[in-house]
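Heads up: the structure comes next, in C-alpha cells.
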Amino acid sequence: MSQNYRQSNIVKALCSFTIVLLLYQNTFSQDIEPRRWSPIPLGTHVLGTGYSYTSGDVFFDPLLQAENVKIKAHSLAVSFAQPFKVGKKMGSISLLVPFSIADWNGLLSGEPAGVNRTGLADPRLRTSVLLAGPPAGNALELQQYKLENPTYTTFGVSLAVTLPLGQYSEDKLLNLGGNRFVFRPQVGMIHYWGKWSFELTSSVFLYTRNPDFFNDADRDQRPTFAIQSHLVKQLRGGSWLSLSAGYGLGGESVINRQPNGDFRSNLLMSASYSFLIAKRQGLKLTYIRSEALQDIGSDTHNFILAWFISF
C-alpha cells in the first residue's frame, strides 16, 4: 500500500471533523454535520479553519415588536481535533472557536432599527467514543479494516459542551454569546457499503440558566431535541459528496419562571463537497438551508468554506 494512498485516507478522515458554525443562539442553536462519527487515525492531529456567510430572515416573539428582521453575518472559526484510545475503542476530542460579525436590520415598534455585533461567539468542546466499528488504530490499520470489511456499521456516543465565553451584555437582547452552558449528548451510527454510507444522529440540547438576561430577567430554556441524517458518496482521489437533512423541536424559554410559549421547530437541508488539495490538506464547501416551521426561528442561507491540515 503506497504512502500517498495512506495519506489520502488520512485526509478523508480529517474532513469529517467539519468546521460547523452554529446558527445563532437567538434563533435556533442547531447544526448539521456529516461524517462526525468517522474515526481519525491514532497519531494524527487535525487543525482547521473556516469561513461562513449567513443571510436571511429572523422571526422573534411578537411581544418584542421586532418585525421584518434580516440577518447578515460573516463568521470565522478555528478547530482542533485529536484522537485517543479507550481500551480498544477509538475516541476523539475537538475544540471549535468562532468569531462573528453580525448585522440585524428590521422594524422595532414600527420604526427602522439596526444592530451590529462583532466578537467571539461561544466555543464548543466535543468528545466522542465509537462503541462498535473499527478498533483503535493508525491509518494503515484502519485502511486494512475497511478492505477486509467493505460493509460494516459503527455506533458512537458523544458529549458536546458549549462554553459561555462569547461576547455578551445583559443590557442587550441580541448577543453573540449565550451566557450559559449548553450540554449536548449525542448518539449516532454510520452504515458503510462500498463507496456509500448512511448516517443517523440524534441529540438533545440541555441549557443551564442565564441569570443575567435582558432587562434584569432570569432566563431558562427547556430541552431541544434534534435528529439529522446524511447520505455520503466516496468519489475518486479522496473526495466525497454528501446530502443531509436535520430537524429540531422544542427549546421553549422560561422568563422569570414563566413559560414563554415560544417553541421552536426548524428544518435544515445541506449539501457538502470535500476534496484534497495536497497530501495532508483538504477543502470542504457546504451549503445549509435553515427553515423555521413555527412563528419563531429563522429562514437562512449559509455558505461555508473550510480548510484542514494534518500533522
Check: If we ignore angles and hydrogens, is there a donor and acceptor under 3.5 Å between the side chains of S92 and S128?
Finding: yes

*Say whether, by atom type as modelled, one donor and one acceptor occur between the side chain of Q167 and the main chain of T118 under 3.5 angstrom.*
yes

Applying ring pair (Phe, Tyr, Trp, His ring centres under 6.0 Å) to F303 and not counting sequence neighbours gives Y287

Hits for side-chain contact (heavy atoms from CB on, under 4.5 Å) against W193, two or more places apart or cross-chain, chain-then-number order -> T151, H191, W196, F198, L231

Practice item. Go through F225 and S203 one step at a time and tell me if the side chain to side chain contact (heavy atoms under 4.5 Å, CB included) criterion holds. Key: CA-CA 6 Å; F225 302 91; S203 57; over 6 Å; no

Residue pairs passing the salt bridge (charged side-chain N to carboxylate O under 4.0 Å, His left out) test with at least one member in residues 197-208, sequence neighbours excluded, are none

When clusters are formed by joining ILVMFWY residues with side-chain heavy atoms under 4.5 Å apart, either directly or through shared neighbours, do L243 and I288 land in the same one?
no

_Hydrophobic cluster identity match, L107 and V115, side-chain contacts under 4.5 Å_ = no

CG (L42) and CD (E141) are apart, to the nearest 0.5 Å, by 7.5 Å

Here the gap from S298 atom OG to F59 atom CZ, rounded to the nearest 0.5 Å, amounts to 8.0 Å

Which of L163, T162, D122 passes side-chain contact (heavy atoms from CB on, under 4.5 Å) with V182? It is T162

Taken in chain and number order and not counting sequence neighbours, the residues that satisfy salt bridge (charged side-chain N to carboxylate O under 4.0 Å, His left out) with K195 are none

Check whether S244 reaches the backbone of P34 with its side chain - one donor and one acceptor, N or O, closer than 3.5 Å. no

side-chain contact (heavy atoms from CB on, under 4.5 Å) filter on I277, not counting sequence neighbours, yields F275, Q281, L283, W307

In terms of side-chain heavy atoms, does Y168 have a donor or acceptor partner in N210 at a distance below 3.5 Å?
yes

D218 bridged to R209 by N-O distance under 4.0 Å: yes

- Task: Taking the side chain as every heavy atom from C-beta outward, state whether R280 and F308 have any atom pair closer than 4.5 Å.
- Result: no

Taking the side chain from D299 and the backbone from G56, do they hold a donor-acceptor pair closer than 3.5 Å? no

Residues at least two apart in sequence or cross-chain that pass side-chain contact (heavy atoms from CB on, under 4.5 Å) with V254, listed by chain then number, are D220, R222

d(I101 CD1, N116 CG) to nearest 0.5 Å is 7.5 Å

side-chain contact (heavy atoms from CB on, under 4.5 Å) filter on V187, not counting sequence neighbours, yields V157, S202

### Y273 side chain near L235 side chain, heavy-atom distance below 4.5 Å
yes

* Asked: Heavy atoms, side chains only, cut-off 4.5 Å: are Q82 and T127 in contact?
  -> no

- Stepwise side chain to side chain contact (heavy atoms under 4.5 Å, CB included) test for I93 and R126: CA-CA 6 Å; I93 187 168; R126 180 177 181 266; over 6 Å; no

| field | Flag if over 12 foreign heavy atoms under 6.0 Å of CG, D216 | value | no

So OG of S272 and CZ of R35: to nearest 0.5 Å the spacing works out to 11.0 Å

* Would you say the side-chain atoms of S75 and S52 include a donor-acceptor pair closer than 3.5 Å? -> no

Minimal heavy-atom distance between F214 and K172, with the atoms involved, is CD1-C, 3.6 Å

Nearest heavy-atom contact between R264 and S253 is NH1-N, 4.3 Å

With sequence neighbours left out, the residues meeting side chain to side chain donor-acceptor pair (under 3.5 Å) with K70 are D57

Query - Under 3.5 Å: donor-acceptor pair, side chain of Q228, backbone of E33 - result: yes

### Candidate pair L174 and F60, rule side chain to side chain contact (heavy atoms under 4.5 Å, CB included), full reasoning
CA-CA 11 Å; L174 295 176; F60 292 94; 3.7 Å; yes

For S229, the side chain to side chain donor-acceptor pair (under 3.5 Å) test, sequence neighbours excluded, returns none

Quiz prompt | S79 side-chain N/O to V97 backbone N/O, donor-acceptor pair under 3.5 Å | solution = no

| query | So do the side chains of R180 and Q221 get within less than 4.5 Å of each other, counting heavy atoms only? | reply | yes

> Quick one: does K233's side chain get under 4.5 Å of W240's, heavy atoms only?
Replying inline: no

Under a 3.5 Å distance rule, please check whether N175 uses its side chain to pair with a backbone N or O of G177 as donor and acceptor. no

### Message
Under the criterion side chain to side chain contact (heavy atoms under 4.5 Å, CB included), I'd like the reasoning laid out for I255 against F213: C-alpha separation, chi angles, the key distance, then a yes or no.
### Response
CA-CA 9 Å; I255 307 298; F213 190 58; 3.9 Å; yes

Less than 4.5 Å apart, side chain to side chain, heavy atoms only: is that true for S290 and L267? no

Heavy atoms of I32 and R36 approach each other most closely as C-NH2, 4.3 Å

I40 and P83 have their tightest heavy-atom pair at O-CB, 3.5 Å

* Is it true that R124 and D31 have a side-chain N and a carboxylate O under 4.0 angstrom from each other? -> yes

- Query: Are the side chain of Y207 and the backbone N or O of F183 linked by a donor-acceptor pair below 3.5 Å?
  - Reply: no

Value for CG (L206) from OG1 (T208), rounded to nearest 0.5 Å, stands at 10.0 Å

Short side-chain donor-acceptor distance under 3.5 Å, W37 and S158 = no

When rounded to the nearest 0.5 Å, the distance separating CG of L76 from OH of Y51 is 8.0 Å

- request: For residues L200 and I227, determine if any side-chain heavy atom of one lies less than 4.5 Å from a side-chain heavy atom of the other.
  value: yes

Taking every heavy atom of S55 against every heavy atom of K72, the minimum-distance pair comes out as CB-CG, 4.3 Å

Residues passing the side chain to side chain donor-acceptor pair (under 3.5 Å) test with N256, sequence neighbours excluded, are none

Those residues at least two apart in sequence (or on a different chain) that pass ring pair (Phe, Tyr, Trp, His ring centres under 6.0 Å) with F263 are none

Heavy-atom closest pair (G250 atom, T224 atom, distance to 0.1 Å) is C-OG1, 3.9 Å

Quick note, ring-ring contact (aromatic ring centres under 6.0 Å, His included) partners involving residues 125-167, not counting sequence neighbours, are Y145-Y152, Y152-Y192

Checklist entry - With distance as the sole test, does N260 use its side chain to make a donor-acceptor pair with the main-chain N or O of D262 at under 3.5 Å? => result no

